Amino acid sequence: MDFIELHLGGYVISHGYDKNNKEIMTHIPAEKFGKKLIAVSRIKSLSEKYILTDYVDGRWIYWEYQEDFEDVKKLLNS
């Protein structure tokens, strides 16, 4: 399994949708960024602010990351 190391901060958990089709989200702030290894197979998308990963029970997690977007893109393409 391939991993990348990033400095991650706060995150947002998407739990799904309510009966009105509104997304149910939990925001978890962080005081600082910390190192984390992420399995590349769990990464679903990358934006300038968040890296989106899946979770075993079907939830989605949007992680804030400290690195530059272009550097993370290069890591994922290597």
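None of these values were measured; they are calculated from a predicted model. Atoms considered below: every heavy atom in the structure, side chains included; atoms not considered: hydrogens, waters and symmetry mates.
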Can you measure from [atom1] ([X]) to [atom2] ([Y]) and round to the nearest 0.5 angstrom?
| X | Y | atom1 | atom2 | result |
| --- | --- | --- | --- | --- |
| Asp68 | Glu48 | CG | CD | 9.0 Å |
| Tyr17 | Lys22 | OH | NZ | 12.5 Å |
| Leu52 | Lys44 | CG | NZ | 8.5 Å |
| Thr26 | Ile61 | OG1 | CD1 | 10.5 Å |
| Leu6 | Tyr65 | CG | OH | 8.5 Å |
| Lys36 | Trp63 | NZ | CH2 | 4.5 Å |

Look only at the side chain of [X] and the backbone of [Y], and say whether a donor-acceptor pair between them is shorter than 3.5 Å.
| X | Y | result |
| --- | --- | --- |
| Glu67 | His7 | yes |
| Asp18 | Asn20 | yes |
| Arg59 | His15 | no |

Determine, using the 4.5 Å side-chain heavy-atom cutoff (strictly less than), whether [X] and [Y] are members of one ILVMFWY cluster.
| X | Y | value |
| --- | --- | --- |
| Leu76 | Phe69 | yes |
| Ile13 | Leu46 | yes |
| Ile43 | Leu8 | yes |
| Ile24 | Trp60 | no |

Inspect the surroundings of OH in Tyr55 and state if more than 12 heavy atoms from other residues, nucleotides or ligands are less than 6.0 Å away.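 Atom OH in Tyr55 is not packed in, count stays at 12 or less.
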
If you look at every heavy atom in Gly10 and Ala30, which pair is closest and at what distance?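 Smallest interatomic distance, heavy atoms only, reads N-CB, 3.4 Å.
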
Compare all side-chain heavy atoms of Tyr62 with those of Lys49 and state whether any distance is below 4.5 angstrom. no

Start with the C-alpha distance between Tyr11 and Glu64, add both sets of side-chain angles, then the distance that settles side-chain contact (heavy atoms from CB on, under 4.5 Å), and finish with yes or no. CA-CA 6 Å; Tyr11 56 97; Glu64 290 180 312; over 6 Å; no

